Amino acid sequence: MKQRLCAGAVLLLSLLTACGSDPAETAVSEAQVFAMDTVMDLRAYGDAGETAVNQAQEEIYQLEAELSRTREDSQVTALNDAGGAPMEVGSDLAALLTSALEYSQETGDAFDITVAPVASAWGFTTDQFRVPSQTELDDLLTRVDDSRIQVEMTADGAVVTLGAGQTIDLGGIAKGYTSDRIAQIYAANGVTHGLISLGGNVYVRGTKPDGSAWKIGVQDPAQAQDTTANVGVLQLEDAFAVTSGGYQRYFEQDGKVYHHIIDPSTGYPADSGLLSVTVVAPAGTETEGAGSGTMCDAFSTALFVMGEEQALDFWRTSDRAFDLVLITSDNRVVVTDGLKDRFSGAKDGYTYETVS
Ligand code: AMP
Ligand code: MG
């Protein structure tokens, strides 16, 4: 980790950020971590920043060790190997499973962590990509149903039982949960300006040190290799912003693209007419109706599966506070009206609409 004085503009993944108006005054602590299969950037300003960023790094490594299904010694691997026997899990996994099941119900099963064996069949766990046969998928789909998971909360975690033959994959929600934990760490250390970017999961604390909003780029799916190519910019304070996109992980076979977000009802990569979904929610336990990184992460995956029409219906009827930026395969950028003063975009080749 390094600590330095802020000097000029910094371009960081999709974060378009500039430092404070009084550069000499603002100490910034930063770290870049590779974990959970992604590059993670952490930044916190002020005297408390260094401790906060150090603690955040430790938290990331600890959560990865507990939650990864590709690590042999993780709690998730033990649960997946338990063959349907009850297993004690710690408080993080207990909380995550509870949230995953809740958001699954809320999204009509578009989000389902028991999609794991199907994601594996496509090779997304091992990078040995292949197109499974329909017979294979039909067989694997009989294992996809998270209502068969039992979670009994205990004093220090939960006793969890998976259904027969079931395995779980927290890849669609774990980074969001991690961002919530880091938000808590920033708060506990008294960090008032900071940000984190965990591979498509962004959390901004407060404003930039100069009092202006953070600028978060929404990636152009057509230029996925260029992480500075945006369809527009969100101006956010105390907020989570999470993007799911087919362009983030995919392979091509016989001229067809197969991406990593699986429709649990078909076993195929979701073909819903969306290229990406960004979910934005207010942060902070003090804020009434605040969202969480966990929620945004689960919703971004689920709404990608749903497609534009269902996603907008979900947004209109949900009691939760969040907004959306949808990018469709016919090159429209659809922004819900809570973001109308916070999103600006004018990229050639896209049309922009605000919906209410
Ligand atoms: P995200 O980038 O948050 O949309 O998460 C995508 C990851 O979540 C994939 O790489 C899988 O590990 C997992 N996943 C894929 N499809 C689903 C789904 N329908 N519900 C829950 N998790 C999923
Ligand atoms: Mg997600």
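On a predicted model such as this, the values are computed, not experimentally measured, just so you know. By convention here, the first residue in the shown sequence is residue 1. All ligand and atom numbering here is 1-based and tracks the order in the structure.
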Report yes if some heavy atom in the side chain of Gln57 is under 4.5 Å from a heavy atom in the side chain of Leu42; otherwise report no.
yes
With atoms numbered from 1 as shown, which atoms in ligand 1 lie under 4.0 angstrom from a non-hydrogen atom of [X]?
X: Asp169; answer: 11 (C), 12 (O)
X: Pro264; answer: 19 (N)
X: Ala110; answer: 18 (C), 19 (N), 20 (N)
X: Gly172; answer: 3 (O), 5 (O), 7 (C), 8 (O), 13 (C)

Salt bridge between [X] and [Y], side-chain N to carboxylate O under 4.0 Å?
X: Arg342; Y: Asp323; result: no
X: Lys208; Y: Glu237; result: no
X: Arg320; Y: Glu102; result: yes
X: Lys175; Y: Asp297; result: no

Exercise: do [X] and [Y] side chains pair donor with acceptor under 3.5 Å:
X: Arg71; Y: Thr77; result: no
X: Asn189; Y: Gln55; result: yes
X: Asp112; Y: Ser104; result: no

Do any N or O atoms from the side chain of Ser120 and from the backbone of Ala116 form a donor-acceptor pair under 3.5 angstrom?
yes
Checking a contact table here: which protein heavy atom is nearest [atom], and how many Å away?
atom: atom 20 (N) of ligand 1; result: Asp112 N, 3.0 Å
atom: atom 10 (O) of ligand 1; result: His260 ND1, 3.0 Å
atom: atom 23 (C) of ligand 1; result: Val115 CG1, 3.8 Å
atom: atom 1 (P) of ligand 1; result: Thr301 OG1, 3.3 Å
atom: atom 19 (N) of ligand 1; result: Ile262 O, 2.8 Å

May I ask you to check if ligand 1 and Ser244 share an N or O to N or O distance below 3.5 Å?
yes
Using ring-ring contact (aromatic ring centres under 6.0 Å, His included) as the criterion, point out the one residue from Tyr258, Trp122, Phe251 that pairs with Phe129.
Phe251
If you apply the rule ring pair (Phe, Tyr, Trp, His ring centres under 6.0 Å), what do you find for Tyr247 with His260, and how did you get there?
CA-CA 9 Å; Tyr247 63 86; His260 68 138; 8.9 Å; no
Polar protein atoms (N, O or S) that approach the Mg ion (ligand 2) to under 2.8 Å:
Gly172 O, Asp297 O, Asp297 OD1, Thr301 OG1
Shortest reach to atom 7 (C) of ligand 1 by a heavy atom, considering only Gly171, Ala116, Pro269, Ser104
Gly171
Checking side chain to side chain contact (heavy atoms under 4.5 Å, CB included) between Tyr186 and each of Leu195, Val53, Thr192, which is the one that passes?
Val53
I'd like to know whether ligand 1 has Phe111 as a neighbour, heavy-atom separation below 4.0 Å.
yes
